[in-house]
A.B. asks: 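Quick one: the structure is below, questions incoming.
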Amino acid sequence: MLLSQKKQKINPDQTDDGKLPGNDNNPGQKPRPEGRKARILVAPLDWGLGHATRCIPVIRELLAQNVEVWLASEGSQEKLLRLEFPDLPFLQLTGYRVKYAATAMGLAWKMLAQSPRLTRAIKAENLWLKKKVEEYRFDAVISDNRFGLYHPSVPCIFITHQLIIKTPFGKWSEKIIQKRNYRYINRFSQCWVPDLPGNNNLAGDLSHPEKKPDIPLYYIGILSRFAKLPLHEKKGHLLITLSGPEPQRSLLENIILRDIIKYEGTATIVRGLPGDATLLPSTNQIRIYNHLAADRLNEEMQSAELVISRSGYSTAMDLATMQKKSILIPTPGQTEQEYLAKYFIQKEFASCALQEYFSLPAEVEKARLFPCHWPPVDSTGLLKQQIHNLLKEIL
């Protein structure tokens, strides 16, 4: 049964008189009823679909370790997670609803202008969490880049690969923003970084800065909802995935649709719009979907000769897991994706191209000649171990 903030009126832990069991020794942390599983809330940020998709392996591992998982988000992230986990209870949590600019130059100023509203949103979600912990008695919270989901009495995990936030204004501004970033991160119990420890990593300076947060920090490996399948690549077949905030998602889509008619091979285009009923015409050569579930997308990625996508970090983790050749296009003005694109070229992970000058036929030919040497995905169970350690703490 699906639960939402509006529909769910009764806390499943309430006694017959409607009250929650108390704890005289520790009033801030009420005991879990005997026999009940650990109840953990997972909530991703609403900037594109990447934060939600990389939560999928976290949720799967929690379920594998017998955890009662609850989810919280809204919009496209909610639709995606509901499609992947239709039986899990869901709470409505307002996103940050960041607005992007149509130009790279306009984005930095637009983000600065939205800063006061983002601060208010963080405070609001912190108040929201306090109410929900009291109402649903979560034993822990896993926040993917949502800064307000910390609590004084419940272990709260902050997932991020951006311990440094790149800006177009230089190192001095990055240090200022890192200080502010760490002020929020240090309110959590632990920080989990979805990357590999050591030099052979996927995010470079973003996930391996000189200065780390004050709280315990753990690298939990590369997180992907995908796995390599025994499927052969189809020569000339492209998988094109679109995602991210508007208007940039639509701007890239228009470029792809303009160029795909010149392509002589086959292609699957996934628009990154879960829940959208709008249909674009497909042909025998070009198939267009608003959204594909993880298993179908996994098959499409495995069978593609090349993957074309944004240079978002979650996409990079998927590509590294599948060891796929790709063409990655940073969102104009999104400094994290621009940094990653340069890093991927330098490390010979992926071919990258600027949206402004993108030409599908030329980039496909370039990518076919580009070496692809993604780092080997760690299989030592870093995520499994951290979840095991968390459960030891709360059980």
Side-chain angles (χ1 to χ4, degrees), residues 46-53 75-77 79-80 98-108 110-111 166 168 237-263 265-276 278-282 285-292 297 300-301 304-319 324-342 344-345 349-367 370:
D46 65 321
W47 292 10
L49 295 177
H51 294 280
T53 60
S76 297
Q77 292 72 26
K79 291 171 185 174
L80 184 147
V98 170
K99 296 179 181 178
Y100 272 54
T103 64
M105 183 62 68
L107 179 58
K110 195 152 193 172
M111 294 300 292
K166 296 292 182 178
H237 183 61
L238 305 179
L239 170 63
I240 303 171
T241 63
L242 304 167
S243 65
E246 298 290 2
Q248 291 296 341
R249 192 210 65 82
S250 291
L251 291 173
L252 180 56
E253 179 179 79
N254 291 337
I255 293 170
I256 294 297
L257 294 177
R258 176 201 71 195
D259 284 2
I260 200 68
I261 59 174
K262 307 170 191 174
Y263 185 64
T266 60
T268 297
I269 301 174
V270 183
R271 303 177 68 211
L273 299 173
D276 193 318
T278 305
L279 295 177
L280 294 182
S282 296
Q285 294 291 102
I286 310 299
R287 293 171 295 161
I288 303 177
Y289 302 93
N290 288 330
H291 174 76
L292 287 179
L297 194 57
E300 286 287 347
M301 185 172 287
E305 178 189 3
L306 287 171
V307 177
I308 301 175
S309 186
R310 291 294 189 192
S311 57
Y313 187 64
S314 294
T315 297
M317 290 194 289
D318 291 338
L319 293 168
K324 296 298 295 187
K325 276 197 166 189
S326 57
I327 305 168
L328 301 181
I329 309 163
T331 301
Q334 193 165 333
T335 50
E336 172 221 355
Q337 290 193 13
E338 291 172 343
Y339 168 82
L340 286 173
K342 293 176 183 176
F344 294 159
I345 292 173
F349 292 165
S351 179
C352 299
L354 295 178
Q355 178 173 304
E356 182 181 1
Y357 306 107
F358 188 81
S359 168
L360 182 67
E363 294 301 335
V364 166
E365 289 306 310
K366 186 174 78 172
F370 192 89

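Residue numbers start at 1 and run along the sequence shown.
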A.B. asks: List the residues meeting salt bridge (Lys or Arg N to Asp or Glu O under 4.0 Å) with Lys79, not counting sequence neighbours, and say none if there are none.
C.D. replies: none
A.B. asks: My understanding is that only residues two or more places apart in sequence, or in another chain, count here; which of them pass side chain to side chain contact (heavy atoms under 4.5 Å, CB included) with Ser326?
C.D. replies: Val307, Leu319, Leu328, Ala350, Trp374
A.B. asks: Report the residues that fulfil salt bridge (Lys or Arg N to Asp or Glu O under 4.0 Å) with Arg258, sequence neighbours left out, ordered by chain and then residue number.
C.D. replies: none
A.B. asks: How many angstroms lie between atom CD1 of Ile260 and atom CD1 of Ile286, to the nearest 0.5 angstrom?
C.D. replies: 4.0 Å
A.B. asks: May I ask you to decide if Glu305's main-chain N or O and Lys325's side chain share a donor-acceptor pair within less than 3.5 Å?
C.D. replies: no
A.B. asks: Is the backbone of Ile327 close enough, under 3.5 Å, to the side chain of Ser351 for a donor and an acceptor to pair up by distance?
C.D. replies: no
A.B. asks: Listed by chain and number, what are the salt bridge (Lys or Arg N to Asp or Glu O under 4.0 Å) partners of Glu336, not counting sequence neighbours?
C.D. replies: none
A.B. asks: Quickly, which of Ile240, Asn290, Thr241, Ile256 forms a side chain to side chain contact (heavy atoms under 4.5 Å, CB included) with Arg271? Name it, please.
C.D. replies: Asn290
A.B. asks: Mind checking the CD-CD1 spacing from Glu356 to Ile255? Nearest 0.5 Å is all I need.
C.D. replies: 9.5 Å
A.B. asks: Does Gln77 have any side-chain hydrogen bond (donor to acceptor under 3.5 Å, both in side chains) partners at least two apart in sequence or in another chain, and if so, which?
C.D. replies: none
A.B. asks: Using side-chain hydrogen bond (donor to acceptor under 3.5 Å, both in side chains) as the criterion, list what pairs up with Ser243, not counting sequence neighbours.
C.D. replies: none
A.B. asks: Identify the two heavy atoms, one from Asp259 and one from Leu360, that lie closest to each other, and give their separation to 0.1 Å.
C.D. replies: OD2-N, 2.9 Å
A.B. asks: Can you see which heavy atom on Pro281 is nearest to which on Ile288, and at what distance?
C.D. replies: O-CD1, 3.4 Å
A.B. asks: Please answer whether the main-chain N or O of Leu257 pairs with a side-chain N or O of Glu253 as donor and acceptor at a distance below 3.5 Å.
C.D. replies: no
A.B. asks: Decide yes or no for Arg249 and Leu273: does some side-chain heavy atom of the first lie under 4.5 Å from some side-chain heavy atom of the second?
C.D. replies: yes
A.B. asks: Mind checking what makes salt bridge (Lys or Arg N to Asp or Glu O under 4.0 Å) contact with Glu300, not counting sequence neighbours?
C.D. replies: Arg287
A.B. asks: Using every non-hydrogen atom in the two residues, find where Pro330 and Leu354 come nearest and quote the distance to one decimal.
C.D. replies: CG-CD2, 4.4 Å
A.B. asks: State which residues pass side-chain hydrogen bond (donor to acceptor under 3.5 Å, both in side chains) with Lys342; sequence neighbours excluded, sorted by chain then number.
C.D. replies: none
A.B. asks: Donor-acceptor pair, distance only, cut-off 3.5 Å: does the side chain of Lys324 make one with the backbone of Ala304?
C.D. replies: yes
A.B. asks: To the nearest 0.5 Å, what is the distance between OG (Ser282) and CD1 (Ile269)?
C.D. replies: 8.0 Å
A.B. asks: Taking side chain to side chain contact (heavy atoms under 4.5 Å, CB included) as the definition, give me every residue that meets it alongside Lys166, ordered by chain and number, with sequence neighbours left out.
C.D. replies: Ile164, Lys171, Glu174, Asp205, Leu206, Thr335, Tyr339
A.B. asks: Taking side-chain hydrogen bond (donor to acceptor under 3.5 Å, both in side chains) as the definition, give me every residue that meets it alongside Gln355, ordered by chain and number, with sequence neighbours left out.
C.D. replies: Gln248, Arg310
